[in-house]
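Order of appearance sets the numbers: ligands from 1, and atoms from 1 within every ligand. These numbers were taken from a predicted model, which means no experiment stands behind them. Note that these values count all heavy atoms, side chains included, but never hydrogens, waters or copies made by symmetry.
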Amino acid sequence: MRNLLILFPVMLLMALTTSVTAQDQPLRELADARDIYIGAAAQSGLLEGDYADVLSREFNLLTTEWETKMCVTHPTATTYDFTGTDKLVEFAEEHQMVVRGHTLLWHECFPDWLASDDYTRDEAIDIMREYIHTVVERYKGRIAIWDVVNEAITDNGLFRSTPWYRMIGEDYIELAFRFAHEADPDVLLFYNDYGAEVLNRKSDRIYKLVSDMLENEVPIDGVGLQMHLQVGDVGDRLPINRQAVTENINRLGDLGLQVHITELDLKHPGKADESVLEQQAQNYRDVVEICLSAEPCTAIIVWGVTDRYSWIKDFDNNPDAAPLLFDEDYQPKPAYTAVQQALAEFTTDDQS
Ligand code: XIL
């Protein structure tokens, strides 16, 4: 009895502490418990101090933000450069993070030496095969997921006229997936694009593209929805309509594919005051809830660790865009707390 009397307060204290720490748990612990990935895009030149601490503490997946694109890895016809990717992969391994390789083919990072289009179809296919084999084989067993092709469809639902498309034709996409699979049969292969979150011409075309690929037995495992959004975009009646995104994810899931939210950020056009930051938090919560409520969605990846180094600052020429979960000084923003709470607490019963 005396033992019980002593134990009771101890147990009460333990119960209280557990419920308090649930709120304070790093995102990756909460995501692990749900068996999903929470990731961030990262750059090798920043892997120290607060940046390294936050990245490794909060995320169980790392996407290579810039350094695994072709214009970096294959800068001349006869050379490869894996310095940046190697550092990122080593960091991820040290911190038990899964790596998403981004990205094998993207028109925005196409090496100059190939840019003349002065190659026959067969020559271009040989170059692509050699390139994809070299990169994917190098990271076999270390990079678990590849964005094989990035942004190949236009907003109007047409094939984008990329150099690969011009040199090879429409089947360059399926060839790229086949080459990646040859190089590492265990790696997961994704098609990735922006502006295809809801049901629209672009997402319909992507749906057709991946359906055709599956029919032709092309090895594809998933589709990445980038989700570069603006604060205020997400909601029941807004451009990023929750219901429509969910339907889109589920129709891809019905094909047997996974969906990753690959490049999430929520920018703001001016300088964000408190109410903007609250709205941003709500939108982050919305996106996490969309993913948690749609079974095919297995990863949520933010496009950067801190507002300090977000790509949007340059892209929009707006130093105040503040689109991420941590501020310039690595302090968690309301958006961070919203993601943490959603990961800790959301159940599908919450949905109206
Ligand atoms: C961006 C990186 O964040 C920048 O650092 C780089 O200068 C340009 O590329 N869609 C994509 C990403 O698929 O690869 C882009 O990343 C952002 C838009």
Side-chain angles (χ1 to χ4, degrees), residues 37 39-47 51 54-55 59 61-75 81 83-85 87-89 91 99-112 115 132 135 143 145-155 159-160 162-165 173 176-177 180 188-197 202-203 206 209-210 222-230 233 240 259-267 287 299-319 321-326 328:
Y37 293 124
Q43 301 171 30
S44 74
L46 303 172
L47 294 175
Y51 184 96
V54 174
L55 177 62
F59 301 100
L61 179 149
L62 181 158
T63 299
T64 56
E65 179 171 355
W66 171 248
E67 291 143 293
T68 314
K69 293 166 180 164
M70 190 179 188
C71 63
V72 181
T73 57
H74 200 2
D81 182 353
T83 327
T85 309
K87 283 191 190 143
L88 288 165
V89 172
F91 180 89
V99 184
R100 261 184 133 272
H102 176 82
T103 165
L104 294 169
L105 304 189
W106 186 36
H107 62 284
E108 290 283 340
C109 184
F110 191 77
D112 288 343
I132 291 181
V135 179
I143 288 184
I145 306 154
W146 276 104
D147 281 331
V148 180
V149 178
N150 196 34
E151 303 180 355
I153 301 294
T154 67
D155 292 350
F159 277 90
R160 187 186 297 282
T162 69
W164 292 116
Y165 177 81
I173 296 180
F177 278 79
L188 294 181
L189 304 177
F190 274 64
Y191 174 81
N192 191 50
D193 216 324
Y194 66 90
E197 287 82 18
K202 187 167 187 169
S203 66
I206 291 169
L209 172 76
V210 297
V223 171
L225 305 176
Q226 292 186 7
M227 296 234 188
H228 290 294
L229 307 177
Q230 183 157 319
D233 270 357
I240 305 303
V259 173
H260 287 178
I261 292 169
T262 47
E263 305 186 16
L264 177 61
D265 52 18
L266 276 141
K267 66 185 177 184
V287 173
I300 304 160
I301 298 132
V302 287
W303 204 243
V305 175
T306 151
D307 287 343
R308 182 185 284 244
Y309 298 116
S310 165
W311 76 296
I312 287 286
K313 285 172 137 181
D314 289 337
F315 191 74
D316 279 11
N317 197 15
N318 174 13
L324 294 167
L325 301 180
F326 289 86
E328 300 264 334

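- Remark: ligand 1 atoms within the under-4.0 Å shell around heavy atoms of W106 are 9 (O), 14 (O), 15 (C).
- Side-chain atoms of Y51 and Y309, non-hydrogen and from C-beta on, do get closer than 4.5 Å to each other.
- Partner of Q226 under the side chain to side chain donor-acceptor pair (under 3.5 Å) criterion, out of T262, N150, D193: N150 alone.
- Nearest non-hydrogen protein atom to atom 2 (C) of ligand 1 is E65 OE2, 3.5 Å.
- Geometrically, ligand 1 and W311 share no nitrogen or oxygen pair separated by less than 3.5 Å.
- Atom OG1 of residue T64 and atom CG of residue L88 lie 6.5 Å apart, to the nearest 0.5 angstrom.
- Heavy atoms of F315 come nearer than 4.0 angstrom to ligand 1 in no pair at all.
- Between K202 and D155, the closest heavy-atom pair is NZ-OD1, 2.9 Å.
- Nearest protein neighbour of atom 11 (C) of ligand 1, counting heavy atoms only, is E263 OE1, 3.0 Å.
- Between H260 and Y37, the angle of the ring planes goes over 60°, which puts this pair in the perpendicular group of the 30/60° scheme.
- Both tests hold for R100 against F190: distance to the six-membered ring centre under 6.0 Å, angle to the ring axis within 45°.
- For the atom pair I173 CD1 and W164 CH2, the distance stands at 12.5 Å (nearest 0.5 Å).
- Listed by atom number, the atoms of ligand 1 under 4.0 Å from E151 heavy atoms are 10 (N), 11 (C), 13 (O).
- Not a single heavy atom of E108 sits under 4.0 Å from any atom of ligand 1.
- For ligand 1, none of its N or O atoms has an N or O atom of N192 under 3.5 Å away.
- With values rounded to the nearest 0.5 angstrom, F177 atom CZ is found 9.0 Å from L104 atom CG.
- Within the 4.0 Å heavy-atom cutoff, Y194 does not count among the residues contacting ligand 1.
- Of the polar atoms of W66, none of the N or O atoms is found under 3.5 Å from an N or O of ligand 1, judged by distance alone.
- Counting only heavy atoms of the protein, atom 9 (O) of ligand 1 lies nearest to K69 NZ, 3.1 Å.
- Residue-level proximity to ligand 1 for T103 is absent, since no heavy atom of it falls below 4.0 angstrom.
- Counting atoms of ligand 1 from 1 in the listed order, those under 4.0 Å from a heavy atom of H102 are 11 (C), 12 (C), 13 (O), 14 (O).
- Remark: ligand 1 atoms within the under-4.0 Å shell around heavy atoms of N150 are 11 (C), 13 (O).
- Contact detail for L324 and V305: the closest heavy-atom pair is CD1-N, 4.2 Å.
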